[in-house]
Protein chains: 2
Amino acid sequence: MKQTAPASDDGLKLSAWLPYRLFLVVAQVARPLESFYSETFGLSQAGWRILAVIAERDAANASEIGRACALDPFAVSRGIGQLADLGFAVRRPGKTDRRFAAVSITRSGRVAFNRIAALGSAIEARLLARLTESERTTIDSALTRLEGESARIDAGGWRALLDDADVP
Amino acid sequence: MKQTAPASDDGLKLSAWLPYRLFLVVAQVARPLESFYSETFGLSQAGWRILAVIAERDAANASEIGRACALDPFAVSRGIGQLADLGFAVRRPGKTDRRFAAVSITRSGRVAFNRIAALGSAIEARLLARLTESERTTIDSALTRLEGESARIDAGGWRALLDDADVP
DNA sequence: CGATATGCTTGCACTTTGCAATTATCTATG
DNA sequence: CATAGATAATTGCAAAGTGCAAGCATATCG
């Protein structure tokens with residue numbers, strides 16, 4: 001009676017794997033935020049991300065937005081469409097090159113953003129309260145490097161990852 | 001000419017917001033891994049997460065799995081179905097209480113898991129290489145607290161978050 | 001001027017998700 | 001010991017989201 005394999009035989013303990021641990025925090029924190037903005041404004045996840053980007057970077061074009069929040073051009077286009085329907089954003093042809101849309105947040109978009117941002121800040125405050133001052137500093141600096149390295153990992157694709165170490 | 005609101009007036013700078021920074025790392029790191037297991041095994045994201053859970057915790061039931069990887073019962077059920085179709089998992093009625101499914105990884109499921117885990121380990125290694133030993137220690141301990149706090153945040157829902165601080 | 005390239009959008013098929021209803025099993029009670 | 005009320009999991013179906021081919025507008029090059 002040995003149809004199922006018994007214990008773990010590779011070196012990956014999920015609960016200790018760094019990306020998984022980060023994922024858990026992100027997923028759990030995203031859920032209440034998402035239910036807030038979707039219930040309150042009918043905003044999708046992509047819509048919220050884009051709103052947050054154009055709230056801090058005015059007259060952004062679609063590719064910039066996509067890069068800033070890990071969204072492909074289709075999703076960006078649709079997200080902007082949603083924001084435009086809700087009256088939270090306007091798109092105008094770009095000033096110099098009119099192929100580039102210049103997407104800007106509207107007044108009511110900013111109002112909505114501020115409401116969501118208040119929740120976001122509350123969440124961050126709850127998290128930061130669990131850390132000491134020196135931990136915050138360490139994490140801030142470490143995270144900068146992790147962002148850079150993860151961008152490179154992403155850009156390289158999975159094939160590049162197996163050239164370094166053990167391969168199947 | 002003032003249809004659009006100008007600069008940021010609330011305190012949320014997206015690029016400095018902790019959950020966003022964590023999200024970026026997670027999203028970028030997940031992408032190559034996902035394209036690997038979906039191309040190679042036809043596994044969905046939920047399928048992979050569940051596979052990873054049952055690889056380290058044998059005879060798990062659906063709610064345990066769901067809790068362990070932030071998946072609702074429907075998604076878990078479907079994910080298990082997918083794994084069963086692929087021959088990577090079997091479900092049997094639980095031993096004592098037969099309502100609980102006892103989900104176990106199969107031999108070929110473990111083979112697949114090990115292949116994916118190798119990639120996962122490579123990714124983690126790349127990330128950890130960017131950190132000093134003391135940063136790793138700090139992050140390890142901080143992350144444990146963040147996991148706990150984010151679980152509480154999730155459990156409380158968004159209404160609970162606004163009772164503490166500034167409200168809209 | 002075409003011809004070609006680029007940024008973005010749209011239409012359509014396909015997949016994933018959310019939720020109500022269902023099945024199977026267990027526990028408690030008269 | 002039958003029946004009512006839980007609980008764990010699954011399934012069916014509609015709604016939402018996604019991926020990709022093709023399309024439109026604009027720009028640049030020969």
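As the structure is a computational prediction, the values presented were derived from the model and not from experiment. Reminder, nothing fancy here: chain letters follow the sequence lines and each chain counts from 1. Computed from heavy atoms alone, side chains included, the values below leave out hydrogens, waters and symmetry copies.
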Next item on the list: Can you tell me the distance, in whole Å, between the CZ atom of Arg98(A) and the C1' atom of dC24(D)?
Entry: 14 Å
Check: Where along residues 38-49 of chain A does a heavy atom fall under 4.0 Å from DNA chain D?
Finding: Ser44(A)
Notebook entry, point to check: Whole-Å distance between dT10(C) P and Asp72(A) CG?
Noted result: 15 Å
Check: To the nearest Å, how far apart are Phe74(A) CZ and dG11(C) P?
Finding: 14 Å
Item checked: Ion pair check, Arg31(B) and Glu34(B), cut-off under 4.0 Å -> no
Margin query: Using 0.5 Å steps for rounding, measure from the CD atom of Gln28(B) to the CZ atom of Arg152(A).
Written below: 10.5 Å
Notebook entry, point to check: With distance as the sole criterion, is a donor-acceptor pair present between the side chains of Thr106(B) and Arg110(B) under 3.5 Å?
Noted result: no
Next item on the list: Among the candidates dC20(D), dT26(D), dC19(C), find the nucleotide nearest to the side-chain atoms of Arg78(A).
Entry: dC20(D)
Margin query: Applying ring pair (Phe, Tyr, Trp, His ring centres under 6.0 Å), can you list everything that pairs with Trp17(A), at least two apart in sequence or on another chain?
Written below: none
Next item on the list: List the protein contact pattern of nucleotides 2-9 of chain D with one symbol per nucleotide (5' to 3'): B for base contact, S for sugar-phosphate-only contact, - for none; contact means a heavy-atom distance under 4.0 Å.
Entry: ----BBSS
Notebook entry, point to check: What's the CD1-P distance between Ile65(B) and dT10(D), to the nearest Å?
Noted result: 9 Å
Margin query: Test side-chain hydrogen bond (donor to acceptor under 3.5 Å, both in side chains) on Gln45(B) and Arg49(B); report intermediate values, then the result.
Written below: CA-CA 6 Å; Gln45(B) 199 190 115; Arg49(B) 287 197 228 164; 2.6 Å; yes
Note to self: Please check this pair: side chain of Thr40(A) against backbone of Tyr37(A), looking for a donor-acceptor N/O pair closer than 3.5 Å.
What the structure shows: no
Next item on the list: Quickly work out the Ile80(A) CD1 to dG7(C) P distance and round it to whole Å.
Entry: 15 Å
Next item on the list: Calculate the interatomic distance between Arg92(A) atom CZ and dT26(D) atom P; express it in whole Å.
Entry: 16 Å
Notebook entry, point to check: If two hydrophobic side chains count as joined below 4.5 Å and joins carry through other members, does Phe100(B) share a cluster with Val103(B)?
Noted result: no
Next item on the list: Kindly say whether Ser104(B) contributes a backbone atom to a donor-acceptor pair with the side chain of Arg91(B) at under 3.5 angstrom?
Entry: no
Checklist line | Between P of dT10(D) and CG of Leu71(B), the distance in whole Å | finding: 13 Å
Margin query: For a quick check under 3.5 Å, do Arg21(B) and Thr144(A) share a side-chain donor-acceptor pair by atom type?
Written below: yes
